[in-house]
Amino acid sequence: MALLDELSEQEVIRRQSLDELRKLGIDPYPAAMYPVTHTTGSILSNFENLCEQQAEVCIAGRIMARRIMGSASFLELQDEKGKIQVYVKRDDICPGEDKTFYNVVFKKHLDIGDIIGVKGFIFRTQMGEESVHAREITLLSKSIRPLPIVKEKDGKVFDAVTDAELRYRQRYVDLIVNPQVREVFVKRTKIVNTMRDFFNSKGYLEVETPILQPIPGGAAARPFITHHNTLDMPLYLRIADELYLKRLIVGGFNGVYEFSRDFRNEGMDRTHNPEFTVLEIYVAYKDYFWMMDFTEEMLERVALSLHGTTAITVGDSTINFKRPFRRLTMTDAIKEYAGVDITGKTEEQLRSICKEQGIEVDETMGKGKLIDTLFGEKCEQHLVQPTFIMDYPIEMSPLCKRHRSNPELTERFELIVGGKELCNAYSELNDPIDQLERFQEQLRLSEKGDDEAMFIDMDFVRALEYGMPTCSGMGIGIDRLTMFMTNQPSIQDVILFPQMRPEKKQLKDPVEAYSQRNIPAEWVPVLQKLGYSTVVSLTNVAPGKLFNDICGYNKKNKLGLQNPSMDDVKRWVEQ
RNA sequence: CGGUUCGUAGCUCAGCUGGUAGAGCACGUGACUCUUAAUCAUGGGGUCGAGGGUUCGAGCCCCUCCGAACCGACCA
């Protein structure tokens, strides 16, 4: 009984149903497979045919609604593909004299949320609803926790579950009661599959590289750190897989790619989750111009395979992924949106330009950082349609090849969509001496206090010393891409299990802890119910109040316990 | 990290100038052989996120904490 006190009335009733079902010889969690022949989707998409032949079907799913009218009932059965109505008639599922299965098992002990199998035939009701007429119902799994009830009529949804806490912490519930959520994740997989097919069709190789890395390279970000016991050394969770994929280009692969889970120990908000998915691809003998064409083609394919069109609704705007995308150098973008020409400007001139534009600057910001900030503040937001921004300052891009005609710039592009960065790509730096110098520059930044500057990866430099072909690489955030392609406002809506703060369970002392103060076991549940979930919380409580509370609780709930004496209670609250 | 808002029954939400809580769905019992937000009758269900304070009295006012959302800061 102590355990049942924790449960809601509905949960108690469902657990009692478990016992009743077992008494009737029904296993609420049977082991045997169930011979499913159809899904709701395969029935509804071919309904007229199946209906005409009164086709026999076997379907399985979750009961989402019940409408019982005496000896006939309707169920809404939900499976992966949707919902269908099931008609249950007492004399059809209980052909003999014994009507127990319908009257007791079905009506009393099956609930919304239970998973059942239905064997029957296809028909249409007098009201015209596509239905399955049940001949046999099999309980496949009993649900003992009540589901949120969401109702629907004429496409309008009532009492939809929108509570973010419930939706993200208990995604399984979200998926059950919000069918459009499942669609988002089906589309996410379709996006990834489309990209994978595209890469494979070009002969590029999908590879796996280390997630646990001794040196977290390839990006500027704060890593998660962990420890390996046998090696007795720190290991980092990867922040990018760039350096490993380029080692593979050194090794002789022409094109390699990886859908990788990366980890960054930074802020969380609508567009950042601590773990996220990135596609990185590297192709030998190419440059960043080629990669722009490639990226366009890839995104156009994704949009077409998902929506059948390149024009996609995102929030209030329509974004068109039709090739070719606009191409703009960073200098031209700043000229266009901020109205200033940064060509040939010194650091001091750039600093005052930023100040004129109302941008906060400080002394630690170098030339590259100033330009980048200017771009971020004044330009990015205007770039709603897919736009390649090219030729970034060299300070921001330590892994990127110097621009072929301007040594202050790099051959780098980002794709901006909806005012947000979506892709990042380079003509990859393959000069080992230049690479080492750039790493050393990062080290100087780190010594100045930049905790995001890159580590020096000497093995990567060694790889470049053997010679890496010219090559272009591109990275794209799969979570953000999915947000665009499925029109979801938050990264939590495209990650099945987004990171959340852990739920805090209230601490409860065991009964034995109360015994140490000579508190009888039968009073422990009462005290805990009244909020004294630990023995310590009783210390120095006014004995009179406690005495009144517990005796009152005993009386009100008709527990029939022998009330303690006032002196007993006084001893309970003493240390 | 700062600002704003929120946390009440299994779910969605009310709750008056502070007077120990209400509705719909869900659940229990009963009725009903084509319903579909089924219907009708009836019943049960709540430490109002946690803790402290003010008060004769707190869901409501004040403080602290926990969790969430949004905006900003930081960050790719």
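Since this is a predicted model, take the numbers as computed values, not measurements. Below, chains carry the letters A, B, ... as their sequence lines are ordered, and counting in each starts from 1.
Side-chain contact, A/Glu411 with A/Tyr392: no donor N or O sits under 3.5 Å from an acceptor N or O. Judged by distance alone, the side chains of A/Ser73 and A/Tyr87 never bring a donor and an acceptor atom under 3.5 Å apart. No donor-acceptor contact under 3.5 angstrom links the side chains of A/Gln492 and A/Arg171, judged on distance only.
Shown are A/Lys142, A/Arg15, A/Arg62; of these, the salt bridge (charged side-chain N to carboxylate O under 4.0 Å, His left out) with A/Asp111 is made only by A/Lys142. The residue from A/Thr40, A/Ile115, A/Ile84, A/Ile176 that alone fulfils the side chain to side chain contact (heavy atoms under 4.5 Å, CB included) condition with A/Gln78 is A/Ile176.
Counting any heavy atom pair closer than 4.0 Å across all strands shown, A/Lys108 reaches sugar-phosphate atoms only and no base atom. Heavy atoms of A/Ala65 sit nowhere under 4.0 angstrom from any nucleic acid atom. Here A/Arg270 lies in heavy-atom contact (under 4.0 Å) with sugar-phosphate atoms only. Contact annotation for A/Phe276: no contact, since no heavy-atom pair falls under 4.0 Å across all strands. Within 4.0 Å of A/Ile68, counting heavy atoms only, lies at least one base atom of the nucleic acid. Nucleic acid contact class of A/Gln492 (heavy atoms, under 4.0 Å, all strands): sugar-phosphate only. Counting any heavy atom pair closer than 4.0 Å across all strands shown, A/Arg264 reaches sugar-phosphate atoms only and no base atom.
For A/Glu152 against B/rA37, no side-chain N or O and base N or O form a donor-acceptor pair under 3.5 Å. Contact of A/Gln126 with B/rU35 (side chain to base): no donor-acceptor pair of N or O atoms is detected under 3.5 Å. Remark: the A/Glu9 side chain and the B/rG44 base include a donor-acceptor N/O pair separated by less than 3.5 Å.
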How is the base pairing of RNA chain B summarised as a dot-bracket string, given the Watson-Crick and G-U wobble criteria with both distances under 3.5 Å, [ ] for crossing and | for another strand? (((((((..((((.....[..)))).(((((.......))))).....(((((..]....))))))))))))....
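Between A/Pro148 and A/Lys89, the one whose closest nucleotide on RNA chain B sits nearer the 5' end is A/Pro148. In terms of position on RNA chain B, the residue among A/Ser71 and A/Lys151 whose nearest nucleotide sits closer to the 5' end is A/Ser71.
For A/Thr125, the listed nucleotide lying nearest its side chain is B/rU35; candidates were B/rA69, B/rC27, B/rU35. The A/Ile112 side chain lies nearest to B/rA26 when the options are B/rC32, B/rA68, B/rA26. Set against B/rC34, B/rC75, B/rG28, the side chain of A/Phe74 has B/rC34 as its closest nucleotide. Closest to the A/Phe123 side chain, of the nucleotides B/rC34, B/rU36, B/rA26, is B/rC34. Side-chain atoms of A/Met69 lie closest to B/rA38 of the nucleotides B/rA38, B/rA68, B/rC75. Which of B/rC25, B/rU33, B/rU35 sits closest to the side chain of A/Tyr87 comes down to B/rU33. Nearest nucleotide to the A/Asp91 side chain, out of B/rA69, B/rA26, B/rU33: B/rU33. Among the nucleotides B/rU36, B/rA68, B/rG10, the one closest to any side-chain atom of A/Arg169 is B/rA68. When each of B/rC25, B/rU35, B/rA68 is scored by its nearest atom to the side-chain atoms of A/Arg67, the top-ranked nucleotide is B/rU35.
Judged by the 6.0 Å distance and 45° axis criteria, A/Arg238 is not positioned over the aromatic ring of A/Tyr244. Taking the ring axis of A/Tyr426 as reference, the NZ or CZ atom of A/Arg412 does not stay both within 45° of it and closer than 6.0 Å to the ring centre.
Remark: ring of A/Phe158 overlaps the six-membered base ring of B/rA37 in a stacked fashion, centroids less than 5.5 Å apart, planes less than 30° apart.
As rounded to the nearest Å, B/rA50 and B/rG67 have P atoms that lie 15 Å from one another. Nucleotides B/rG51 and B/rG59, compared at atom P, are 12 Å apart to the nearest Å. Across the P atoms, B/rG18 and B/rC74 are found 42 Å apart, a figure rounded to whole Å. Atom C1' of B/rG45 sits at a distance of 14 Å from the matching atom of B/rU8, rounded to the whole Å. For the P atoms, the distance linking B/rU12 with B/rG49 amounts to 14 Å, nearest Å. Of the P atoms belonging to B/rC27 and B/rA38, the separation is 11 Å, rounded to the nearest Å. The separation of B/rA73 from B/rU64, taken at their P atoms, amounts to 25 Å, rounded to a whole angstrom. Spacing of C1' atoms, B/rC60 relative to B/rU54, comes out at 14 Å, to the nearest Å.
Relative orientation of the A/Phe388 and A/Phe413 rings is perpendicular, given thresholds of 30° and 60° on the angle between their planes. The aromatic rings of A/Phe106 and A/Tyr102 sit parallel to each other, their planes meeting at less than 30°, with 60° as the upper class boundary.
Going from atom CD of A/Gln85 over to atom P of B/rA37 covers 10 Å, rounded to whole Å. Here B/rC11 presents its P atom at 10 Å from CD of A/Gln10, a figure rounded to the nearest Å. We find that CZ of A/Arg14 is positioned 19 Å from P of B/rG45, with the value rounded to whole Å. Rounded to an integer number of Å, the gap from A/Ile84 CD1 to B/rC34 C1' is 15 Å. Rounded to whole Å, atom P of B/rA73 lies 19 Å from atom CE of A/Met268. One can place CG of A/Asp154 at 15 Å from C1' of B/rU35, the figure rounded to the nearest angstrom. In this structure, CD1 of A/Ile13 is placed 18 Å from P of B/rA9, rounded to the nearest angstrom. Whole-Å rounding puts the A/Asp269 CG to B/rG2 P distance at 17 Å.
The closest side-chain heavy-atom distance from A/Ile389 to A/Thr387 is below 4.5 Å.
Note on A/Arg501: every side-chain N or O is 4.0 Å or more away from OP1 and OP2 of B/rC66.
With salt bridges taken as basic N to acidic carboxylate O contacts below 4.0 Å, none links A/Lys367 and A/Glu395.
A heavy atom lying under 4.0 Å from RNA chain B marks none of the residues of residues 483-491 of chain A.
Not one N or O on the side chain of A/Arg90 forms a donor-acceptor pair closer than 3.5 Å with the backbone of A/Phe101.
When all heavy atoms of A/Ala333 and A/Cys379 are compared, the pair lying nearest together is O-SG, 3.6 Å.
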